[in-house]
Amino acid sequence: MTTLESYVCGEWKAGVEDPRPLENPATGERLAEVRSGGIDFAAVVAHARDHGGPALRAMTFAERGAILRELSSVLHEKRDELIALSTSNGGNTRGDAKFDIDGATGTLAFYGGLGEKLGSARFLPDGDGAKLSRAARFFGQHILVPRSGVAVHINAFNFPTWGMGEKMACALLAGVPVIEKAGTPSAILAHRMAQLVVDSGLLPEGTFQFVAGGVGDLLDHLGPQDCLAFTGSSGTGAKLKANANLIDRNVRVNIEADSLNAAVLAPDVDNDNEVYNLFLANVVYDMRQKAGQKCTAVRRILVPEHKVAEVRAELVERLTAVKVGDPADESVQMGPVASAAQLADVRAGIDRLAAAGEVCCGGSQAVAESGYFVAPTLVYVSDATSDVVHADEVFGPVATLMPYSGDAEALVDHVNRGGGSLVASVYSNDKDWSEQVLLGLAPWHGRVWLASDKVAEQTLAPGMVLPQMIHGGPGRAGGGEELGALRGLSFYMQRTALQGDRGFLSRRFGNESE
Ligand code: NAP
């Protein structure tokens, strides 16, 4: 049995503790194993700080950007191999696998392009300078400089390549070395990506290290110039954030966690509106894509009372038609969830929702003799203020349908009961209603996505995370923020206010040329 190795301090190294098996979730076949332990994490952190950081900081943004672009090409060249691993170890259909892998290469290339545009700079001016006293000469200018520490990235199992790619793109472009930890259930794909990155020889030693298995006491070695970016469940996020060393030493922490994303149909939308069909298609696509194991997947569907019976019938018809099975079969539209533990969690979650309403299709019963399959499941709950609907992210192909009155204020109250989400999608042609809803949802969401007939043919799916726009959300969603073009670099950089002579500061550090 292959044991996945970690790449630390310039060498590949297997762990020493009892193995955790990695499986094909469609068949239960064991594919490899991961062992934790045996890694000196103090040395790993020192290796990044002493070698990786100085090497990156010696480069310009353009040089770092060029590396990211080349890494994107290296991964893209192995696309078919990576897709096959995503199918066997992740239970992903070819389409689902591409979503993860192309997301990684696209984001690396995007940040590569940003770096090239920034050219020979080694820091970023942050906004315009300001005159600070009555006399014109005393002046202030904010700048962003790379922090001299290391970025620890703890990734979730559901996006092994995109998760690692988007985080490392921002950190490396900012000039900070990374230590990437893969989510274990899908670590075979993450491990292969790490091999490709290391073997490419593009990154100077110490700038990229990879951990398969647990991170041991890694967080206890982080200091004030370091940071931790975590993606995963809110429970694990809360545990990590409470680490005494992270608190004592003010280590920067970014958390991307659970989210009860909502899809909202507005009362003005009728069957002959293009946006109505888009709403139905997006909800079904979002529920089945990656078997619902997507942080941005729709979990709550809110529909005006007068329309809810019709929407329910439409969704049931489309969801029961989804072909579920081994994604190695190309006609299959939805694969299994990632592991036996995920299957048990999803089934328990369906039972909790079902207790508050009525299962319209799917359910928690077994759908195959082997493998970790769940049928696309829609639960109808007649009371949109029911606590259970807004309390629990069921991380599978599961959503709750609820009626609401059509009133914008009531709708905002229902959706915001989710306690903070990554994205809400709203389908409406009524500008006044939409404005009220968008402004009401914005404080509780990292992203609000609006479709009207005007853009129905051009929208990208609401679950798609784009490097140009921020990704994250308040409250339950972790309170973090990633991506958003250059915004994504600021987590890895120190914003410093420089104050002094205008002529010197504005020309050397601001937007005025010498
Ligand atoms: P998880 O169980 O919380 O694990 C996430 C990561 O944390 C994994 O790498 C895991 O390693 C690691 N981990 C667990 N306990 C740890 C500890 N005590 N110390 C250090 N690391 C620890 O979440 P998951 O099941 O992988 O992912 C599903 C969750 O991620 C869902 O809730 C989903 O909503 C969320 N998610 C959020 C986003 C977002 O951007 N907001 C994106 C994707 C997923 P092991 O795998 O080795 O246990």
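Order of listing sets the numbers, starting from 1, for every ligand and every atom in it.
Using a 4.5 Å heavy-atom threshold, the side chains of Val389 and Ser386 count as touching.
With respect to Asp102 and Arg79, a salt bridge is recorded, a charged nitrogen being found less than 4.0 Å from a carboxylate O. A salt bridge does not link Asp351 to Arg347: none of the charged side-chain nitrogens sits closer than 4.0 Å to a carboxylate oxygen. Here Asp286 pairs with Lys294 in a salt bridge; the nearest charged N to carboxylate O distance falls below 4.0 Å.
Tested against His153 for a side-chain hydrogen bond (donor to acceptor under 3.5 Å, both in side chains), the candidates Glu180, Lys167, Lys181 yield a single pass: Glu180.
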- Task: Determine, stepwise, if the pair Arg487 / Glu481 fulfils salt bridge (charged side-chain N to carboxylate O under 4.0 Å, His left out).
- Result: CA-CA 9 Å; Arg487 293 174 188 86; Glu481 189 176 289; 5.7 Å; no
Distances for all N or O pairs of ligand 1 and the protein under 3.5 Å?
residue  : atom   : partner : partner atom : Å
ligand 1 : 3 (O)  : Ser233  : N            : 2.9
ligand 1 : 3 (O)  : Ser233  : OG           : 2.6
ligand 1 : 3 (O)  : Thr236  : OG1          : 2.7
ligand 1 : 9 (O)  : Asn155  : O            : 2.7
ligand 1 : 11 (O) : Lys181  : NZ           : 3.1
ligand 1 : 23 (O) : Ser233  : N            : 3.3
ligand 1 : 26 (O) : Phe157  : N            : 3.2
ligand 1 : 30 (O) : Gly232  : O            : 3.3
ligand 1 : 32 (O) : Asp258  : OD1          : 2.8
ligand 1 : 32 (O) : Glu393  : OE1          : 2.8
ligand 1 : 34 (O) : Glu393  : OE1          : 3.2
ligand 1 : 34 (O) : Glu393  : OE2          : 2.7
ligand 1 : 40 (O) : His471  : NE2          : 2.7
ligand 1 : 41 (N) : Ala257  : N            : 3.3
ligand 1 : 41 (N) : Ala257  : O            : 3.0
ligand 1 : 46 (O) : Thr184  : N            : 2.8
ligand 1 : 47 (O) : Arg20   : NH1          : 3.2
ligand 1 : 47 (O) : Lys181  : NZ           : 2.9
ligand 1 : 47 (O) : Thr184  : OG1          : 2.5
ligand 1 : 48 (O) : Arg20   : NH1          : 3.3

